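First the structure, in the form of structure tokens, and then the observations on it.
Please read all numbers here as calculations on a predicted model, not as lab measurements. Here is how names work: the chains are called A, B, and so on, in the same order as the sequence lines, proteins then strands, and each is numbered from 1.
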Amino acid sequence: MRTTQFFLATLKEAPSDAEIVSHKLMLRAGLIKRLAGGIYSWMPLGLRILRKVENIIREEMDRAGAIELLMPAVIPAELWQETGRWEMYGPELLRFKDRHQRDFVIGPTHEEVITDVVRREIRSYRQLPLHLYQIQTKFRDEIRPRFGVMRGREFLMKDGYSFHASYADLQREYRNMHDTYTRIFTRLGLSFRAVAADTGSIGGTGSHEFHVLADSGEDAIAFCADSDYAANVELAEGVAPANPRNVHTEHMKKVATPGKTRCEDVAALLELPLAKTVKAIAVMHEEQFLLLLIRGDHTLNEIKASKLPFLNPFRFASDEEVERFLGCRPGYIGPVGIDQGIPIVADRTVAQMSDFVCGANEAGYHLTGVNWSRDLREPDHVFDIRNVVEGDSSPDGKGSLSICRGIEVGHIFQLRTKYSEAMKASFLDEAGQPHAMEMGCYGIGVTRIVGAAIEQNHDERGIIFPRAIAPFEVAIAPIGYGKSQSVRDAANTLYAELRSAGIDVLMDDRDERPGVMFADLELVGIPHRVTIGERSLKEGMVEYQGRREATAAKVPLTEICAYVRERLRA
RNA sequence: CGGGGUGUAGCGCAGCCCGGUAGCGCGCCUGGUUUGGGACCAGGAUGUCGGAGGUUCGAAUCCUCUCACCCCGACCA
């Protein structure tokens, strides 16, 4: 491709609403243009990247035995009513009516449609297993679309669904997809990690997320350096401290802590470690008021708490409710001396604490030297309700946890028979008996991968694409293209050679000043560049510059084609 | 949905407090000089000042409504 025949739309300054580096760079490089919140056009250069990602996914899915199809983006409401998701889904589901006042949705996911397809086609165990997938535009009306393409409302997704005659076969395919995803993200050239994930209400034995590792990621991942344990922090288990509760050494004492409503402030005032404090979080489950206890330096994991039957669902108590049930305004509440009718739910860590600090249920006062049994009743419930932190023991008992951040780009899970039962997708076994099909579901955020790849691969000059998804693999930058016959000849010859070798090459024939060409070619992330100028050409040399390399290499013109091909192989 | 903020040229912004008929940088167009890291000189084009209404002799500026976008609201007892 020649630049003059293509469409480059680079910007020196990024629009001010871009927050993270990948969003800024995608805008500056002219990969995408925003049309509305979370809705973007993919410009020609960006589309080339998207297509490359898509093709790698397609190749690997096909290789793994899945079969591509394409389902409609617009789905009649009846299918969603059949599974109950029409009611379950909130405003995130974009609903509309057609001219006959029939309800439709724009598909945020396609379990219903695929299950409908399969139940009409599949009768016998002999037709199973079957894995169908599509690469298609989805729409989710996110509360807060942001970060450009990372959390968009309209986005491209690969979603695959597998159907099986037995759970064992579903597990087999699940492992197959785990391997396939690993191959896909490896081929994409990304640094990633598969982590155990929350299965949500769906259940089943397994769910894994694939995360591209990046500091700007929205998810926190807990992993163990000494084993292969890795889990989303939402899920990672906070194990009970190995040491038993210490013997108490202090008497309970009421201390004045005026204006100190946060554990941090109280600890600072009393000159105690934050880990000696306990924060009480007042919540409501229906009409029941409860107190959750978390160590001062820990944070509540709302997902874990929500899963407890006596808390599902819960909300934070209002200030008025706190006053009503504890007779004290928020900031100084604690578990000591409270009514028997208010259940105390302690985190495992808190249950092991001794001589701790908590609110005195009296404005302006806290209690120190508090101990279970002696000063207050033992907690009514002890559960893991906090987020794990760096240094916690790994749940598999093999060392300690580290925390890093990631961008979720893939998710696989075992749906089992949730949809097949709701939608009566059944097959006949060898004995002629009907069974609901076992289902698996496997998604990859195609659009998001582009953002994630940039988030992971950039420098102050712009994007550095991994070769597999670079819009062009090599750029030719001829200096004085319009003026110098020798430069033009050398550039045209190299361009033709690289093209005939099947390499994706961009020739910058704009006759721009070198600085402009270099800046653009670097910004858009082309991994290899050959600079051809009259000066070095006189000595029969051209220059090769790797996007990640600090210095350029002089290479004889006669060898440059072979040289580039060699670098591409590396 | 609450709290805050911003909408002025393709992009980044000033002007608004204190009303007087719109400006800067980049980009764009023309001509010339340049040509190995975002050139220089000269000339030029581009705005319903987000929209509607109001106040006023006069509104980008003041008032009301509205729309769009951004940020915060997820550790707080």
* Structure fact -> To the nearest angstrom, the CG-C1' distance between Asp265(A) and rA77(B) comes to 13 Å
* Structure fact -> Separation of rA68(B) atom P from Ile39(A) atom CD1, nearest Å, is 12 Å
* Just compare rG73(B), rA77(B), rU35(B) and give me whichever is closest to any side-chain atom of Lys483(A). => rU35(B)
* To do: Can you tell me, in whole Å, how much space there is between the C1' of rU30(B) and that of rG20(B)?
  => 35 Å
* Structure fact -> note: Ile143(A), atom CD1; rC72(B), atom P; distance rounded to Å ~ 14 Å
* Could you say whether Phe316(A) or Leu537(A) is positioned toward the 5' end of RNA chain B, judged by the nucleotide with the nearest heavy atom to each? => Leu537(A)
* Would you indicate, yes or no, if rA39(B) has its OP1 or OP2 atom less than 4.0 angstrom from a side-chain nitrogen or oxygen of Arg513(A)? => yes
* To do: Starting from P on rC1(B), measure out to CZ on Arg144(A) and report it in whole angstrom.
  => 14 Å
* Across the strands shown, which category fits Val322(A) at heavy-atom distances under 4.0 angstrom: base, sugar-phosphate, nothing? -> nothing
* To do: Please state the P separation for the pair rC26(B) and rG4(B) - nearest whole angstrom.
  => 38 Å
* Contact class for Ala14(A) (heavy atom, under 4.0 Å): base, sugar-phosphate, or nothing? -> sugar-phosphate
* Asked: Is there a Watson-Crick or G-U wobble partner for rC69(B) with both distances under 3.5 Å, and if so, which one is it?
  -> rG5(B)
* Asked: For Ile281(A) and rA74(B), what is the distance between atoms CD1 and C1' respectively, to the nearest whole Å?
  -> 12 Å
* Structure fact -> Checking rG25(B), rA74(B), rG36(B) against the side chain of Glu13(A) (C-beta onward), the nearest is rG25(B)
* To do: Using a heavy-atom cut-off of under 4.0 Å over every strand shown, decide if Arg28(A) touches base, sugar-phosphate, or nothing.
  => base
* To do: Would you please indicate if the ring centroids of Tyr332(A) and Tyr365(A) are separated by under 6.0 Å?
  => no
* **Ser536(A) side-chain proximity, nearest of rG38(B), rG36(B), rC72(B)** => rG36(B)
* Whole-angstrom distance between rC49(B) and rG7(B), as gauged at atom P -> 15 Å
* **Atom C1', compared across rC11(B) and rG51(B): separation rounded to whole Å** => 23 Å
* Which listed nucleotide (rA77(B), rG12(B), rG38(B)) is nearest to the side chain of Ala280(A)? -> rA77(B)
* Asked: So which one's nearest nucleotide on RNA chain B is more toward 5', Ala282(A) or Ile479(A)?
  -> Ile479(A)
* Base, sugar-phosphate, or nothing: which does Glu19(A) touch, judged by heavy atoms less than 4.0 Å apart? -> sugar-phosphate
* To do: Name the nucleic acid region contacted by Gly480(A), choosing base, sugar-phosphate or nothing; use a 4.0 angstrom heavy-atom cut-off, strictly under.
  => nothing
* Asked: Is Pro514(A) touching bases, backbone alone, or none of the nucleic acid, heavy atoms closer than 4.0 Å?
  -> sugar-phosphate
* **Whole-Å P distance, rC40(B) and rU34(B)** => 16 Å
* Indicate, with a heavy-atom threshold strictly under 4.0 Å, whether Leu11(A) touches base, sugar-phosphate, or nothing. => nothing
* Asked: If we call it a pair only when both distances are under 3.5 Å in a Watson-Crick or G-U wobble match, what pairs with rG37(B)?
  -> none
* Within 45 degrees of the axis of the six-membered ring of Phe518(A) and under 6.0 Å from its centre: does Arg529(A) put its NZ or CZ there? -> yes
* Asked: For rU64(B), which nucleotide in any strand shown is its Watson-Crick or wobble partner with both distances under 3.5 Å?
  -> rA52(B)
* Asked: Is the Phe383(A) ring parallel, tilted or perpendicular to the Phe310(A) ring (thresholds 30°, 60°)?
  -> tilted
* Measure the distance from CD1 on Ile20(A) to C1' on rC70(B) and round it to the nearest whole Å. => 15 Å
* To do: Verify whether one side chain among Thr349(A) and Arg386(A) offers a donor that lies under 3.5 Å from an acceptor in the other.
  => yes
* Pick the P atom in rG43(B) and in rU48(B), then give their distance to the nearest Å. => 27 Å
* **Nucleotide nearest Asp17(A) (side chain, heavy atoms from C-beta), chosen from rC69(B), rA74(B), rG36(B)** => rC69(B)
* Could you tell me whether Cys263(A) contacts a base, only the sugar-phosphate backbone, or nothing, with contacts defined as non-hydrogen atoms closer than 4.0 Å? => sugar-phosphate
* Within the structure shown, what part of the strands sits under 4.0 Å from Arg461(A) by heavy-atom distance: base, sugar-phosphate, or nothing? -> base
* To do: Could you check whether Glu321(A) gets within reach of a base, just the sugar-phosphate, or nothing at all, counting any heavy atom under 4.0 Å?
  => nothing
* Per Asp520(A) side chain, nearest of listed nucleotides rG38(B), rC69(B), rC72(B) -> rG38(B)
* Asked: What interatomic distance, in whole Å, is found between P of rC69(B) and the corresponding atom of rA74(B)?
  -> 23 Å
* **Pairing nucleotide - rA42(B), Watson-Crick or G-U, each distance under 3.5 Å** => rU30(B)
* To do: Could you please name the option among rC72(B), rC69(B), rC76(B) that lies closest to any side-chain atom of Arg34(A)?
  => rC69(B)
* Asked: NA contact type, Asp511(A), heavy-atom cut-off 4.0 Å: base, sugar-phosphate, or nothing?
  -> nothing
* Short question: side chain of Lys279(A), backbone of Cys263(A) - any donor-acceptor pair under 3.5 Å? -> no
* On a whole-Å scale, what distance lies between the P atoms belonging to rU8(B) and rG50(B)? -> 6 Å
* To do: Kindly state whether the ring of Phe465(A) and the ring of Phe472(A) have centres lying under 6.0 angstrom apart.
  => no
* Using a strict cut-off of less than 4.0 Å between a Lys/Arg side-chain nitrogen and an Asp/Glu carboxylate oxygen, indicate whether Glu218(A) and Arg151(A) qualify as a salt bridge. => yes
* Asked: Rounded to whole angstrom units, what separation is found between the NZ atom of Lys12(A) and the P atom of rG38(B)?
  -> 10 Å
* To do: For Arg529(A), report the nucleic acid contact type (base, sugar-phosphate, nothing); a contact means any heavy atom under 4.0 Å.
  => base
* To do: Choose from rA74(B), rG12(B), rA77(B) the nucleotide whose nearest atom is closest to any side-chain atom of Glu302(A).
  => rA74(B)
* Base, sugar-phosphate, or nothing for Arg329(A), non-hydrogen atoms under 4.0 angstrom? -> nothing
* Asked: Can you find a donor-acceptor pair, distance only, under 3.5 Å between Glu512(A) side chain and rG37(B) base?
  -> no
* Going by atom types only, do Asn457(A) and Arg547(A) share a side-chain donor-acceptor pair under 3.5 Å? -> no
* Measure the distance from CZ on Phe147(A) to C1' on rC70(B) and round it to the nearest whole Å. => 12 Å
* Asked: Partner of rG23(B) by Watson-Crick or G-U wobble geometry, both contacts under 3.5 Å, or none?
  -> rC13(B)
* To do: Flag the pair His208(A) / Phe210(A) as yes when their ring centroid distance falls below 6.0 Å, and as no otherwise.
  => no
